Amino acid sequence: MHDLILYIQSYLDSDRTPGAAGNIFWATVYILLVFVGLSVAVICMNWLERKILAHMQVRLGPMRVGPHGLLQPIADAIKLLLKEDIIPAEADAVVFWVAPFIVVLAAFTVFVVVPFGRTHAITDMNIGILFMLGVSSLSVLGIVTAGWASNSHYPLMGALRSSAQMVSYEVAMGLAVVSAIMMSSMNVEGTGTLSMIGIVEAQKAQGEWFIFKFFPLGIIAFGVFAIAMVAETNRAPFDLPEAESELTAGFHTEYSGFRWSLFFLAEYSAMIAVSSIAVTLWLGGWLRPFPNALTGDIWELVFSLFPGITFLFLAGMCFYSTARMPKHPLFKIQTMGLGGFGAALAVIGLILFLPPVRVRVVDIYWFSAKVAGFMYLYIWYRGTFPRYRFDQLMKVGWKVLLPTGLALLILTALVGMRTELWADIQETLHL
Amino acid sequence: MTDPNTLSPLDLDTPDKTFLDANELVINMGPQHPATHGVLRVILRLDGEKVLGLECVIGYLHRGVEKIAENRTYTMFNPYVDRMDYVAAVSNGLGYCEAVEKLLNVEAPPRAQYIRVILTELNRMASHQLWLGTHALDIGAITPLFYTFRDREEILKIFEKYCGARLTTHAFRIGGLQYEAYEGFEKDVKNFVSFVKPKIDEYEELLTTNRIWLERTKGVGVISGKDAIALGVTGPVLRASGVKWDIRKALPYANYKNFDFEIPTGANGDTYDRYIVRMVEMRQSLRIIAQAVEGIPEGPIMAKVPKVMKPPVGEIYHSIEAPKGELGYFIVSDGSTQPYRIRVRPPSFVNLQALDVMCRGQLVADVIAVIGTLDIVLGEVDR
Amino acid sequence: MNPPVATPFFFYLLATIMIVGGILVITRKNAIHSAMALITTLLAQAALYLMLYAPFVAGVQIMLYAGGIMVLFLFVIMLISIERSQKERQFNKQWLIGVIAAAALGGLFITVYTTTTRGITLFVERRMAYSENQNTQLIANLLFDRRGGTYMFAFEIASLLLLVAIIGSVVMAKKRI
Amino acid sequence: MIAKLRSTYGSGIEPLTYLGQNYMVVDRSLIPDLLRILRDEEQFDYCVDITAVHYPKREKQFDIVWILYSFPRNERIRVKTLIADGESLPTSVPIWATANWLEREVFDMFGIKFDGHPDLKRILLPDGWKGFPLRKDYGILQQDSEWVQINLGIESGQ
């Protein structure tokens with residue numbers, strides 16, 4: 001028993017991820033943490049999306065279930081669990097049953113390599129990004145098999161369309177990622193890395209986020225990836241397969257109840273996964289803003305207070321809205337609920353101020369703040385953009401993103417290697 | 001564009017055409033379809049995604065309004081008129097009352113005409129707002145729907161305050177108005193005009209320069225001026241094809257002549273031009289309402305009209321500019337209290353005929369966009 | 001040396017998955033089921049590569065095989081109607097020759113593995129286990145490096161070949177559209 | 001304008017005006033080429049409406065009305081012609097494309113055939129419907145009970 005405790009403590013102060021340190025126990029703990037964190041994120045993402053979209057559209061969004069609709073996602077989850085799970089008559093039962101699992105599997109395994117902090121990743125795989133792109137292409141399989149298994153005309157067409165869209169945008173995504181990796185190889189040793197933590201380290205070493213590196217190229221690469229990422233997850237302007245009027249509801253029409261919620265879960269976690277790739281590659285993963293410029297422990301302290309401040313701010317909002325809750329006896333439970341929720345947030349905020357917790361949490365906080373920014377972007381797209389027609393969607397994918405990606409690749413290489421290149425030219429021309 | 005006069009009928013009943021043998025696919029956008037604005041069934045002949053030709057099957061909402069008219073007195077038929085184009089009920093009422101007044105050779109008093117103009121232009125605004133909301137929804141933009149319906153609610157409140165009903169208002173009577181304008185009427189209308197003016201800029205902000213909106217609407221459902229006139233298309237669809245014609249200017253009625261407003265026209269008659277024309281029309285309506293509210297004269301609101309109307313034998317045709325196009329009434333009277341024959345010339349019915357010409361060569365997704373821009377209301381198409 | 005990833009338990013687990021998957025591929029009547037089985041075998045193979053400290057090959061395996069080629073397999077299976085092919089008889093009565101060939105191959109494998117233990121080392125026992133994080137760089141150096149690049153030329157030729165293949169297929173398909 | 005038309009066609013045209021709207025009653029034989037001349041020379045390029053009115057007592061029971069409008073001259077006229085029951089009329093679809101549906105509706109409601117019409121079948125009522133509703137002898141409550149029984153399965157037919 002003793003060596004087990006030793007085994008557990010052995011990892012606590014090591015500066016490597018549990019996977020890399022081979023510590024199975026902590027790796028499983030991290031995996032569970034990611035699972036719980038992800039489902040909580042998906043639940044609040046569901047609430048946030050409905051609320052923000054509503055407020056964008058001059059309406060209030062769910063208000064009835066719990067204070068300000070806070071219990072709405074839970075109500076949805078229970079509804080989906082209780083709903084009857086229909087399998088269409090001659091549908092291919094085995095494939096019908098397997099398809100959602102493939103999609104969820106693809107969406108979740110991406111998080112094995114996502115670095116929430118210097119040591120907060122399940123494992124520091126040497127081929128981090130390659131693994132991520134590979135697994136995210138697996139979700140296409142799930143969608144195609146789902147469309148096929150529903151054994152009816154429209155879901156099959158929807159599935160083929162959405163998989164064609166995902167495959168063509170994966171290419172653009174890959175190109176943008178390669179240009180980011182090239183940027184990471186511009187550091188002093190001259191050898192870039194595929195591992196996610198390595199890239200964030202490179203950004204810290206080179207003193208600037210890759211989005212600002214080589215001024216126009218970084219932003220263009222980020223732009224290409226941002227568009228491709230939205231298309232990859234079938235969201236907003238590219239959500240053609242499921243929302244087009246003549247294609248009813250795309251590949252998951254025949255699914256209902258729990259299986260449909262699996263697809264729902266997979267869609268949101270794919271969104272979070274893809275935006276976390278973007279954050280790691282271009283926005284400096286868990287680095288706090290201006291890591292090199294504002295160094296020194298005062299700034300360290302200031303930036304580490306941020307998590308606590310945000311939670312207290314949220315608690316303040318809850319208390320403010322409890323105060324404004326109408327005094328009618330009917331609303332008593334709701335006010336108590338909201339007050340309790342606000343108090344819980346306040347307590348978390350305070351805990352976050354304690355020094356030992358603060359240091360560990362600051363990385364995770366900055367990473368998730370950036371990912372939250374992306375989530376807001378997704379919702380904003382959904383509110384404003386109409387839908388692309390399928391041929392236009394393909395045109396943008398192949399005729400716009402692909403060429404820009406290729407040009408990007410060449411330009412980053414040229415700009416990156418300009419010193420060696422100049423030396424070569426001089427050498428060949430015997431200047 | 002193929003010459004519309006030589007449209008070949010769809011050979012649907014050829015038995016040998018199996019489902020997939022020729023690469024020509026016949027699919028059926030059925031009566032209950034989210035994007036057909038009511039019970040319209042469109043039979044599409046497709047080659048893959050491209051539309052080869054289409055045929056509209058209508059009549060699902062046919063209530064035989066013209067047959068009923070022959071068994072009702074003139075005043076009793078008035079409410080039926082609102083049920084035809086239920087989105088722009090006030091303009092239907094205006095057209096009918098003016099036609100019968102012409103038959104009776106009676107002129108509504110100026111105060112009544114001013115209030116009528118205000119209510120009709122408000123109704124045009126409401127109809128265009130409903131069109132914009134549902135049209136944007138068909139193409140995929142969810143938000144405009146909520147903006148337009150929030151503003152349309154203001155108009156419906158004014159209608160409700162004035163005549164008790166929001167949609168099928170039955171606001172007018174033959175010879176003038178039934179109700180005097182309630183005392184806060186001018187103030188409400190003024191507030192409404194100032195409230196909505198910035199809101200239209202909000203719609204424009206959301207859509208006009210939206211890249212995806214441009215891509216989905218530019219060059220879609222093109223119809224040239226010549227074809228439009230040949231197909232008898234009227235209203236914003238005709239103006240978007242470059243023909244500068246509006247009955248309010250060409251054959252003025254209900255003293256539109258003493259309000260100044262422009263008629264917007266588009267250049268190449270595609271969905272985007274129709275969108276722009278209707279947005280400008282909304283602004284012009286606001287101008288008309290503002291001028292009308294300023295100049296409401298005092299005086300009676302009802303002309304001297306006999307209780308039981310027996311118009312002299314004869315027939316007349318009178319048409320007004322409804323939000324969808326030229327809405328005309330051809331009334332034949334045989335001297336009795338009941339009209340011998342009332343023929344309604346519905347703009348949506350005739351505009352819908354142009355759908356086939358506009359959708360040839362487009363993609364399936366565009367058919368929905370084109371149905372949206374035609375702004376058809378099935379109550380009026382089927383009568 | 002970093003701690004061993006290749007524990008016997010994982011090896012046997014992955015091996016059984018692959019074998020079962022392989023058998024499923026050939027025995028399933030429904031094309032989609034066999035395609036899915038093929039995907040599981042490929043993924044298990046990728047995991048094996050990981051155990052052999054070849055992460056780059058594992059990543060490529062997942063990305064290309066499971067993500068790319070299998071998607072095309074599924075596309076093809078779905079687009080062409082396979083009802084007709086399912087009705088035809090599957091076997092062509094040459095199972096006898098098949099069994100003999102399989103037995104011969106099995107015998108060969110067994111002899112090769114058993115003889116090595118008696119000193120005839122057919123396969124040189126490779127002990128070198130590159131540490132995990134240089135693997136990709138080493139491959140890159142071999143492929144692209146200016147100084148030691150021996151395979152640069154071959155790599156470009158291969159990519160050219162692929163390009164020709166793609167354009168050819170598009171041209172052939174173009175007639176129909 | 002009427003004088004010029006009369007010079008070409010002699011007696012067939014009889015111009016009238018009522019409440020400031022002038023219309024002409026023309027006999028049946030002149031219809032196709034008169035309309036074409038109206039469209040070409042007189043620039044009545046927009047056919048507003050085609051409709052019919054049923055007078056059961058007269059021996060020529062139906063009169064068909066074309067309402068035309070000319071954009072250049074901003075003027076609207078009506079052309080009427082009288083035909084007996086069962087007679088058919090040459091179609092005006094080649095002259096104005098809009099006439100396609102308008103004539104189909106007149107056929108649907110009155111039973112007047114337009115020969116040469118590309119696709120003359122019922123437009124508003126279901127195809128198998130018997131009877132023409134807008135005729136005066138077609139009762140207000142009457143329905144084609146036989147069609148209703150077959151297709152909608154309501155025995156009473158109402």
Side-chain angles (χ1 to χ4, degrees), chain B residues 3-10 55-62 64 66-68 70-71 102-103 105 226-234 238 243-245 249-251 312-319 326 328 330 332 334 340-341 343-346 349-350 352-354 356-357 381-383, chain D residues 16-21 23 39 45-55 63 65 67-71 74-78 80 92-102 104-106 108-109 117-127 129 133-136 138-143:
Chain B
D3 175 9
N5 301 352
T6 59
L7 293 185
S8 67
L10 287 169
E55 188 196 351
C56 302
V57 176
I58 52 176
Y60 291 92
L61 207 56
H62 178 61
E66 290 165 3
K67 185 72 183 177
I68 297 170
E70 286 160 13
N71 301 284
K102 209 179 221 178
L103 204 59
N105 215 337
K226 192 178 69 52
D227 284 349
I229 294 175
L231 279 165
V233 166
T234 54
L238 181 66
V243 179
K244 192 174 177 67
W245 183 70
K249 283 278 193 215
L251 309 153
V313 175
E315 55 188 40
I316 58 106
Y317 176 78
H318 174 76
S319 70
E326 173 182 350
F330 175 67
V332 176
D334 58 356
Y340 190 75
R341 166 94 167 93
R343 155 70 180 163
V344 180
R345 191 257 181 215
F349 177 78
V350 180
L352 185 60
Q353 194 177 358
D356 183 15
V357 168
V381 169
D382 294 344
R383 281 179 314 284
Chain D
L16 297 145
T17 61
Y18 180 74
L19 283 176
Q21 295 184 349
Y23 61 97
R39 186 188 70 152
D45 43 12
Y46 165 39
C47 166
V48 180
D49 203 358
I50 299 173
T51 184
V53 190
H54 180 220
Y55 298 94
D63 56 359
V65 181
I67 303 171
L68 309 175
Y69 173 80
S70 108
F71 277 102
N74 188 10
E75 190 200 330
R76 184 186 281 141
I77 59 156
R78 281 201 305 276
K80 266 172 71 172
S92 51
V93 170
I95 307 168
W96 296 285
T98 183
N100 190 330
W101 276 19
L102 295 172
R104 268 179 69 186
E105 188 183 356
V106 169
D108 192 355
M109 291 297 156
H117 187 283
D119 177 21
L120 196 64
K121 58 180 174 20
R122 287 185 177 269
I123 188 163
L124 289 178
L125 293 173
D127 290 346
W129 194 274
L134 273 182
R135 288 189 177 195
K136 287 297 178 191
Y138 192 97
I140 180 83
L141 294 174
Q142 179 197 348
Q143 265 190 347

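If you're wondering where the values come from, they're calculated on a predicted model, not measured in any experiment. In what follows, chains carry the letters A, B, and so on, assigned in the order in which the sequence lines appear, proteins first and then strands, with residues in each chain numbered from 1.
Taking B:Lys102 as the reference, B:Ile316, B:His318, D:Gln21 meet the side chain to side chain contact (heavy atoms under 4.5 Å, CB included) condition, with sequence neighbours excluded. Applying the side chain to side chain contact (heavy atoms under 4.5 Å, CB included) rule to B:Asp334 yields the partners B:Ser336, B:Tyr340; only residues at least two apart in sequence or on another chain are considered.
Considering CD1 of B:Ile58 and CD1 of D:Ile123, their distance stands at 4.0 Å, rounded to 0.5 Å. Rounded to the nearest 0.5 angstrom, D:Ile50 CD1 and B:Phe330 CZ are separated by 13.0 Å. Considering CG of B:Leu231 and OH of D:Tyr46, their distance stands at 11.5 Å, rounded to 0.5 Å.
You'll find the side chain of B:Cys56 reaches within 4.5 Å of the side chain of D:Trp101, heavy atoms only. Looking only at side-chain heavy atoms (C-beta outward), B:Trp245 and D:Tyr69 come within less than 4.5 Å of each other. At a threshold of 4.5 Å between non-hydrogen side-chain atoms, the residues D:Lys80 and B:Glu315 count as touching. Side-chain atoms of D:His54 and B:Arg341, non-hydrogen and from C-beta on, never get closer than 4.5 Å to each other.
Among all heavy-atom pairs drawn from D:Thr98 and B:Val350, the shortest one is OG1-CG1, 3.5 Å. Considering all non-hydrogen atoms of both residues, B:Glu326 and D:Val48 come closest at OE2-CG1, 3.4 Å.
A salt bridge is absent between D:Arg135 and B:Glu70: the closest approach of a Lys/Arg side-chain nitrogen to an acidic carboxylate oxygen does not fall below 4.0 angstrom.
Using modelled atom types and a 3.5 Å distance limit, the side chains of B:Ser319 and D:Arg76 yield a donor-acceptor pair.
Looking at B:Asp382, both its backbone and its side chain come within 4.5 Å of chain D, counting heavy atoms on both sides. Contact of D:Leu134 with chain B is made through backbone and side chain together, with heavy-atom distances under 4.5 Å. Looking at D:Tyr55, the atoms closer than 4.5 Å to chain B (heavy atoms on both sides) sit in the backbone and in the side chain alike. The contact between B:Leu352 and chain D is made by backbone and side chain atoms together, counting heavy-atom distances below 4.5 Å.
The greatest number of non-hydrogen atom pairs below 4.5 Å with chain D, out of B:Leu251, B:Asn105, B:Val233, is found for B:Leu251. Per-residue heavy-atom pair counts under 4.5 Å with chain D were compared for B:His62, B:Arg343, B:Glu66, and the maximum is reached by B:Arg343. Top candidate by heavy-atom pairs under 4.5 Å with chain B, chosen from D:Met109, D:Arg122, D:Glu105, is D:Glu105.
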Quiz item: Passes side chain to side chain contact (heavy atoms under 4.5 Å, CB included), D:Val65 versus B:Tyr317? Steps please.
Solution: CA-CA 11 Å; D:Val65 181; B:Tyr317 176 78; over 6 Å; no
